[in-house]
Amino acid sequence: MPTALSVNINKIALLRNARPGNVPDPVGFGRLALEAGAQGLTVHPRPDERHIRRGDVERTAALLAEPAWAAAELNVEGNPLLPHFLPIVRGVRPDQVTLVPDGPDQNTSDHGFDGRDAEQAPRLRDLTAELKALGCRVSLFVDADEAAMEPAARLGVDRVELYTGPWAEAFGTGSEAASLGRFQRAAAAAADAGLGVNAGHDLSLANLGRFLSIGGIEEVSIGHALCAEALEHGVAETVRRYLRLCSGR
Ligand SMILES: CC(=O)[C@@H](O)[C@H](O)COP(=O)(O)O
Ligand SMILES: NCC(=O)COP(=O)(O)O
């Protein structure tokens with residue numbers, strides 16, 4: 001089963017926000033990624049709109065509503081416990097919502113939700129039900145902890161997204177094999193719990209192929225490294241290189 005590639009356009013929006021206007025257009029970047037074969041686009045609207053703005057989410061949804069992209073998906077990531085997020089999701093009803101526990105001032109994502117958290121679990125369960133009623137697939141951003149997968153499933157989510165920051169840190173070091181083993185066990189535990197398995201954060205052309213050797217990854221969402229690599233190889237060639245890795249070539 002090939003892994004789907006969802007291109008995260010946050011960093012194009014970050015560059016766009018450095019000046020008034022809409023150059024470079026993050027949605028235009030997304031279109032180039034789709035034309036090169038990406039199976040979806042990911043956006044992560046944060047409360048401070050440091051990169052993705054609500055209007056970018058709406059324009060990305062409009063792009064993916066075009067007949068040419070009927071098979072492609074919109075993945076909207078964010079913290080459903082913060083007030084800015086649900087109104088955006090209710091407005092666009094994306095194919096997938098990925099629940100990420102980032103605080104308002106967090107520099108970037110660095111951990112996942114834990115379904116064993118007695119305080120958050122009831123609220124996450126209710127939010128998951130609401131989002132599924134909107135027609136969205138719900139994915140929970142989690143650490144690669146095999147013991148956390150059954151609790152995640154009990155929230156009613158459809159998938160988990162494995163936080164792959166630790167994999168990127170371990171790649172190419174003496175702890176690479178141990179890290180890969182942790183992700184393999186976590187992915188297997190998620191599948192045993194009836195969950196689909198996505199993955200994301202700090203994945204790159206260098207580290208993705210080895211990571212996907214664990215098998216069973218339905219979707220990877222990649223942005224930071226992909227945008228940097230596109231500066232060197234161009235958008236289309238970079239996406240094609242990721243697609244080859246996602247198809248096991
Ligand atoms: C959830 C995750 O790991 C990333 O999708 C996140 O969107 C990165 O956010 P920044 O692009 O703001 O670093
Ligand atoms: N969910 C991960 C994502 O969308 C992009 O993360 P990154 O590649 O920008 O680190």
Side-chain angles (χ1 to χ4, degrees), residues 3-18 24 26 29-30 33 38-54 56-57 60 72-82 84-85 88-89 94-114 137-144 152 157 159-171 183 187 196-209 211-212 217-231 235 238-239 241-242 245-246:
T3 299
L5 172 67
S6 185
V7 173
N8 183 309
I9 59 176
N10 290 353
K11 295 303 170 334
I12 307 302
L14 189 69
L15 177 58
R16 187 270 321 269
N17 291 358
F29 184 94
Q39 287 87 6
L41 299 177
T42 291
V43 291
H44 189 148
R46 294 181 178 274
D48 62 8
E49 293 198 324
R50 68 189 72 166
H51 40 55
I52 292 293
R53 300 164 174 160
R54 179 165 186 165
D56 296 322
V57 180
T60 305
E73 292 198 346
L74 175 59
N75 176 38
V76 179
E77 299 183 329
N79 187 338
L81 305 176
L82 298 179
H84 77 294
F85 189 66
I88 294 173
V89 170
D95 302 282
Q96 178 172 265
V97 179
T98 300
L99 309 182
V100 186
D102 292 7
D105 302 324
Q106 209 168 304
N107 175 53
T108 189
S109 309
D110 59 15
H111 66 283
F113 272 119
D114 188 337
R137 178 192 315 125
V138 180
S139 179
L140 188 73
F141 194 63
V142 297
D143 295 339
V157 299
R159 296 189 186 177
V160 290
E161 176 176 336
L162 300 180
Y163 164 51
T164 49
W167 161 249
E169 287 172 20
F171 180 72
F183 280 90
V197 186
N198 295 347
H201 200 88
D202 279 342
L203 292 172
S204 69
L205 286 174
N207 67 36
L208 180 63
F211 177 77
L212 291 179
I217 304 298
E218 294 194 58
E219 175 188 287
V220 288
S221 42
I222 305 175
H224 190 89
L226 187 150
C227 292
E229 291 151 349
L231 295 174
V235 181
T238 300
V239 168
R241 293 186 185 192
Y242 274 107
L245 292 169
C246 287

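Indexing begins at 1, ligand by ligand and atom by atom, following the structure's order. Only a predicted model underlies this, so the values are computations on that prediction, with no experimental measurement involved. These numbers come from the heavy atoms of this one structure, side chains and all, not from hydrogens, waters or symmetry mates.
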Numbered atoms of ligand 1 (with element) below 4.0 Å of [X], judged on heavy atoms:
X	answer
N8	5 (O), 7 (O)
F141	1 (C), 3 (O)
H44	6 (C), 7 (O)
K11	10 (P), 11 (O), 13 (O)
T108	8 (C), 9 (O), 10 (P), 13 (O)
H51	10 (P), 11 (O), 12 (O)

Between H84 (side chain) and G78 (backbone), is there a donor-acceptor pair under 3.5 Å?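 Pair absent, no side-chain N/O of H84 close to backbone of G78.
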T3 side chain to I217 backbone, donor-acceptor under 3.5 Å: yes
Out of P101, S109, A199, A13, who gets a non-hydrogen atom closest to atom 1 (C) of ligand 1? S109
Can you find an N or O of N107 that's nearer than 3.5 Å to an N or O of ligand 1?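 Min N/O separation from ligand 1 is not below 3.5 Å for N107.
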Of the options V160, D143, V100, N79, which is the one that meets F113 in a side chain to side chain contact (heavy atoms under 4.5 Å, CB included)?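 Going through the options one by one, the only one that passes is N79.
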Residue and atom name of the nearest protein heavy atom (relative to atom 9 (O) of ligand 1), distance in Å to one decimal: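 Checked against all protein heavy atoms, atom 9 (O) of ligand 1 sits closest to R46 NH2, 2.9 Å.
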Which residue and atom name correspond to the protein heavy atom nearest atom 4 (C) of ligand 1, and how close is it?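 Residue, atom and distance for the closest contact: E77 OE1, 3.6 Å.
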Got the residues with a heavy atom under 4.0 Å of ligand 2, by chain and number? N8, T42, E77, E161, G200, H201, D202, S221, I222, G223, H224
Out of E161, R137, Q96, which one pairs with N198 under the side chain to side chain donor-acceptor pair (under 3.5 Å) rule? Q96
At under 4.0 Å between heavy atoms, is it the side chain or the backbone of E161 that contacts ligand 1, or both, or neither? neither
Under a 4.0 Å heavy-atom limit, does H224 contact ligand 1 with its side chain, its backbone, both, or neither? neither
Could you tell me if any non-hydrogen atom of R50 lies under 4.0 Å from any atom of ligand 1? no
R50/D48 ion pair, N-O < 4.0 Å: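 So R50 pairs with D48 through a salt bridge.
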Using the ring of each side chain (for Trp, its six-membered ring), is F211 parallel, tilted or perpendicular to W167, with breaks at 30° and 60°? tilted
